[in-house]
Each structure stands twice: as C-alpha cells, then as structure tokens.
Amino acid sequence: GVEVGPQPQGVLRADILDKMRKIVKHGLDFVQLFNEGKEFPPCTIEVFKIMEKVDYPRNKNDEVIAIIHPKLQDQDWQPLNNGDPLFLTLDGEVIAYRGDSTVYPTFINEAAYYEKKQAFVKTVKMKLTAKHIRSSV
C-alpha cells in the first residue's frame, strides 16, 4: 500500500494525488526493470522511525487541557529540539518539549488521531543501506 499525506479526511488535493501517482509509477517501473534482470546498485536512504505516540496534556478527568502550539502546527517532519514549544494551555502557558535528542514529529494535530489520544508521533531520523539487488531470472 501507499499512503501519501498527511491530509485532512474527506479532502481531495491535486498535489497529493500527483505525488501518489508518481510514487506508484516509480514502483511499477522498478518492478518492470527488476523483472527484466536489471541490477540495482547499493544505496542509502533517510527514513523516519516511529518512536512514540504523544497524547495531548490531560487533567485528572482525562480532559484535554492544551492544544498544539502554533509554532509546531504544520511542521511535520521538521526537527524538534529540547525546549521547543509543543503545547499551549487554554490559559496561555507554553509546554515545551523535554527530550535528550532531536525528534521529528509527524501526524501533528491530525483529526483522525484525536479520538485515539494522539497529538503527534515522535520519530527519529535514520539511514538505511541496501545491498545491490538483481533478479535471478
């Protein structure tokens, strides 16, 4: 499967559709070339590994007491460092990120995850290396 996003539920965006078409075409091109016996050299790519789902701050009654900070909104895949603002309480208090390392939040303030108690997901940037591959056909 291919998921291209994030985007709001029920919204059709031409730019996202175009990205999805391109990735599917690249995938099909790879399958065709692989089946024809083409050898692919080793490569290294950057990926983001999901580390933790982060909930909104809540009170003892399990009610949300803060919203995503404006500086974090729409910053999916951007670095988040210790001390950067995460949440803003309803009375204006900033809740900052406290962590030992830089993380890359994604799915920030996504409506589909609100009921799942997920304000965003923390990821870390990694590099993966693939060996060369070639079809044995």
Side-chain angles (χ1 to χ4, degrees):
V2 175
E3 180 178 344
V4 182
Q7 67 178 342
Q9 293 175 314
V11 173
L12 301 174
R13 291 182 43 168
D15 60 332
I16 300 296
L17 180 60
D18 185 55
K19 288 178 183 179
M20 185 272 304
R21 284 181 174 150
K22 285 178 181 174
I23 194 73
V24 169
K25 182 184 179 315
H26 286 302
L28 292 172
D29 289 345
F30 169 82
V31 169
Q32 180 177 347
L33 292 169
F34 181 79
N35 287 341
E36 291 172 355
K38 177 173 174 58
E39 183 172 348
F40 293 87
C43 66
T44 300
I45 61 169
E46 277 189 347
V47 298
F48 294 87
K49 180 180 177 183
I50 293 175
M51 300 305 291
E52 176 184 6
K53 295 176 182 178
V54 177
D55 191 8
Y56 294 88
R58 295 176 183 271
N59 65 17
K60 63 182 177 182
N61 296 324
D62 204 34
E63 299 166 325
V64 173
I65 59 168
I67 59 175
I68 294 293
H69 192 281
K71 289 186 178 177
L72 181 60
Q73 185 63 51
D74 301 320
Q75 296 302 306
D76 295 84
W77 312 112
Q78 299 304 308
L80 181 68
N81 299 296
N82 189 44
D84 288 347
L86 278 182
F87 298 103
L88 187 62
T89 67
L90 301 178
D91 56 354
E93 179 186 339
V94 173
I95 299 172
Y97 170 62
R98 296 288 171 230
D100 298 333
S101 62
T102 299
V103 295
Y104 298 81
T106 189
F107 303 114
I108 300 168
N109 205 23
E110 284 291 315
Y113 298 113
Y114 185 79
E115 65 188 27
K116 296 176 183 179
K117 297 184 175 183
Q118 181 178 313
F120 63 92
V121 174
K122 285 196 302 191
T123 70
V124 293
K125 193 184 292 191
M126 303 174 58
K127 289 189 179 192
L128 296 180
T129 301
K131 297 178 181 178
H132 78 281
I133 59 170
R134 181 180 197 163
S135 173
S136 60
V137 176

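We use all heavy atoms of the structure for the numbers below, so side chains are in, but hydrogens, waters and symmetry mates are not. All figures in this text were calculated on a predicted structure; none of them were measured in a lab.
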Practice item. Any chance you could lay out the side-chain contact (heavy atoms from CB on, under 4.5 Å) test for Phe87 and Ile68, step after step, and finish with the verdict? Key: CA-CA 5 Å; Phe87 298 103; Ile68 294 293; 3.8 Å; yes
Contact between [X] and [Y] at the side-chain level, heavy atoms closer than 4.5 Å - yes or no?
| X | Y | result |
| --- | --- | --- |
| Val47 | Met126 | yes |
| Pro105 | Lys122 | no |
| Asn109 | Leu72 | no |

Does [X] have more than 12 heavy atoms from other residues, nucleotides or ligands lying within 6.0 Å of its [atom1]?
| X | atom1 | value |
| --- | --- | --- |
| Leu17 | CG | yes |
| Phe40 | CZ | yes |
| Arg21 | CZ | no |
| Glu115 | CD | no |
| Leu33 | CG | yes |

Review point. Can you name the side-chain hydrogen bond (donor to acceptor under 3.5 Å, both in side chains) partners of Ser101, sequence neighbours left out?
Key: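 Scan of Ser101 (side-chain hydrogen bond (donor to acceptor under 3.5 Å, both in side chains), adjacent residues dropped) gives none.
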Just verifying a value: how many Å separate [X] [atom1] and [Y] [atom2], rounded to the nearest 0.5 Å?
| X | Y | atom1 | atom2 | result |
| --- | --- | --- | --- | --- |
| Ile23 | Leu28 | CD1 | CG | 10.5 Å |
| Asp76 | Thr106 | CG | OG1 | 4.0 Å |
| Leu88 | His69 | CG | NE2 | 5.5 Å |
| Leu128 | Lys49 | CG | NZ | 10.0 Å |

Which heavy atom in [X] sits nearest to a heavy atom in [Y], and how many Å separate them?
| X | Y | result |
| --- | --- | --- |
| Arg58 | Val64 | NH1-CG2, 3.5 Å |
| Pro57 | Ala66 | CG-CB, 3.8 Å |
| Thr44 | Lys127 | CG2-CB, 3.9 Å |
| Arg134 | Phe34 | C-CE1, 3.7 Å |
| Ile108 | Gln75 | CD1-C, 3.7 Å |

Whether [X] side chain and [Y] backbone form a donor-acceptor pair below 3.5 Å:
| X | Y | result |
| --- | --- | --- |
| Asn59 | Asn61 | yes |
| Asn81 | Thr102 | no |
| Thr123 | Tyr104 | yes |

Review point. Transitive ILVMFWY cluster of Ile65 at side-chain heavy atoms under 4.5 Å: who else is in it?
Key: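 Its cluster partners, ordered by chain and number, are none at all.
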Do the side chains of [X] and [Y] join up, straight or via other hydrophobic residues, at under 4.5 Å, putting them in one cluster?
| X | Y | result |
| --- | --- | --- |
| Ile16 | Val24 | yes |
| Leu86 | Leu90 | no |
| Ile67 | Val121 | no |

Check your understanding: Looking at residues at least two apart in the chain, or sitting in another chain, which of them share a salt bridge (Lys or Arg N to Asp or Glu O under 4.0 Å) with Lys22?
Key ->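 So Lys22 forms a salt bridge (Lys or Arg N to Asp or Glu O under 4.0 Å) with Asp18.
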Practice item. Return the set of residues passing salt bridge (Lys or Arg N to Asp or Glu O under 4.0 Å) with Glu46 (not counting sequence neighbours), or none when no residue passes. Key: Lys125
Practice item. Applying side chain to side chain contact (heavy atoms under 4.5 Å, CB included), name anything that partners Lys25, two or more places apart in sequence or on another chain. Key: Asp29
Point to revise | Where at least one partner belongs to residues 82-99, residue pairs that pass side chain to side chain donor-acceptor pair (under 3.5 Å), sequence neighbours excluded | key: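 Every side chain to side chain donor-acceptor pair (under 3.5 Å) pair that includes a residue of residues 82-99, provided the two are not neighbours, is Thr89-Asp91.
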Practice item. Answer yes if the ring centres of Tyr113 and Phe120 are under 6.0 angstrom apart, and no otherwise. Key: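 Ring centroids of Tyr113 and Phe120 are no less than 6.0 Å from each other.
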